[in-house]
Number of protein chains: 2
Amino acid sequence: MLSKKTRYAIKALVVLGKIFGEAPMQISKIASEEHIPKKFLEQILLDLRNAGLLYSKKGAGGGYGLVKDPAEIFVVQVLRLTGGPVALLPCVSLNFYQKCDECSNEATCGVRDVFLEVRNATLKILSETSIADVIRREGLLIQNTEV
Amino acid sequence: MLSKKTRYAIKALVVLGKIFGEAPMQISKIASEEHIPKKFLEQILLDLRNAGLLYSKKGAGGGYGLVKDPAEIFVVQVLRLTGGPVALLPCVSLNFYQKCDECSNEATCGVRDVFLEVRNATLKILSETSIADVIRREGLLIQNTEV
DNA sequence: TACAAAGTATATAGATTTAGTAGACTTTTA
DNA sequence: TAAAAGTCTACTAAATCTATATACTTTGTA
């Protein structure tokens, strides 16, 4: 499962993606729109800013905005920045690799092999899906929901 | 990430799959072969037994064995029995569904849509892969490792 | 029949992680 | 100069996970 941190981060980027090019949006506005605890969101946005995904502006009229086009920010990046590993086993994780301490031979582990396949499938989707895609899908879903 | 419980469960089933049809194997043997804390493994095997995957035999010469052919036990079942959800978001989980409390409209949530796709891809692999497949893969990996 | 082997059951402890809160500080704009 | 808004660090509460402890039951065999 993704952590709340990761979920909130994606949600925030989607909101900011929708106003890309316009004036920055305040934390409190994002927080209230998306029902995210404000203080928690502060930390998350700060991380995303330090990672170079967002810019911030202090003072009255300040807020956060995307540095890059939402079409160039991929969901997989957000997972990694917020500490959510893509892999289901530490031994098949590219960015959070750790030896399974119970495993005697990683190279010949059948379990590992299966979860490597799972990771690759997941990675393919998440590294091909941008924030812009998420927004686009939302639009399609809304269309299909209207009668 | 999968919990240790889930990982240990899969490992144990693989070991038992290899001796399917033979006499049952003792917890302590499985534990030492797979480097799993014995008392922890006891609980896990008990769960798998109560779920109908394993039979047990008490007393001298006792132990655990698979009830069904390893080709009929799928990895996805093990995840579910041991509490490891397949989905990365609670709102796309079939067996551990929960509303995302920050989400205002599930039906039109683009994030959900993406992770639904991820879940489907993962589910496909894990529900098509049996314990027998895991054992088979291990064999192939060993072949490829030998020079 | 007694004893040892092996599973059963429940409780609990310790560690780790996650989620969220608090508070004081800095920068910017009107 | 006051209010708006982000920055930074620390802390706490709760949940979960991992593992251990203890006492008990069943079964095979010497």
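Chain letters run A, B, ... following the sequence lines, proteins first, then strands; residues in each count from 1.
Protein atom NZ of Lys38(B) is 12 Å distant from nucleotide atom P of dT8(C), rounded to whole Å. Regarding Phe40(B), its CZ atom lies at a distance of 17 Å from the P atom of dT8(C), rounded to whole Å. In this structure, CD1 of Ile36(A) is placed 12 Å from P of dA19(C), rounded to the nearest angstrom. Spacing between atom CE of Met25(B) and atom P of dA5(C) amounts to 19 Å, rounded to whole angstrom units. To the nearest angstrom, C1' of dT17(C) lies 14 Å from CE of Met1(B). Tyr55(B) has its OH atom 14 Å from the P atom of dA6(C), to the nearest Å. Between the OH atom of Tyr64(B) and the C1' atom of dA5(C) there is a distance of 14 Å, rounded to whole Å. Separating the CG atom of Leu46(A) from the C1' atom of dT26(C) is a distance of 13 Å, rounded to the nearest angstrom.
Two residues, Gln26(B) and Lys5(A), neighbour DNA chain C, and the one matched to the more 5' nucleotide by heavy-atom proximity is Gln26(B). Place Ser28(B) and Glu42(A) on DNA chain C by their nearest nucleotides, and Ser28(B) ends up nearer the 5' end. Ranked by how close their nearest DNA chain D nucleotide is to the 5' end, Gly61(B) and Gly83(B) are led by Gly83(B).
Within the nucleic acid shown, Leu45(A) has no heavy atom closer than 4.0 Å to any nucleic acid atom. Counting any heavy atom pair closer than 4.0 Å across all strands shown, Lys39(A) reaches a base atom.
The side chain of Lys58(A) sits closest to dT28(C) out of dT28(C), dA19(C), dT8(C). Taking every side-chain heavy atom of Ala60(B) into account, dA5(C) is the closest of dT29(C), dA5(C), dG20(C).
Comment: Asp101(A) engages Lys4(B) in a salt bridge, judged by a side-chain N to carboxylate O separation of less than 4.0 angstrom. For Glu138(B) and Lys18(B), the salt-bridge test passes: some basic side-chain N is under 4.0 Å from an acidic carboxylate O. Salt bridge status for Lys11(B) with Glu102(A): absent, with no side-chain N to carboxylate O gap under 4.0 Å. Remark: Lys124(B) does not engage Glu117(A) in a salt bridge, criterion side-chain N to carboxylate O under 4.0 Å.
Taking the centre of each ring, Phe40(B) and Tyr8(B) come in below the 6.0 Å mark.
Panel note: side chain Arg49(B), backbone Tyr55(B); no donor-acceptor pair is recorded below 3.5 Å.
In 5' to 3' order, the nucleotides of DNA chain D bounding all contacts with chain B (an atom under 4.0 Å from a heavy atom) are dT18(D) to dG28(D).
Under 3.5 Å, the side chain of Gln43(B) and the base of dT8(C) form no donor-acceptor pair of N or O atoms.
Under the 4.5 Å side-chain contact rule for hydrophobic residues, Leu2(B) and Phe115(B) do not share a cluster.
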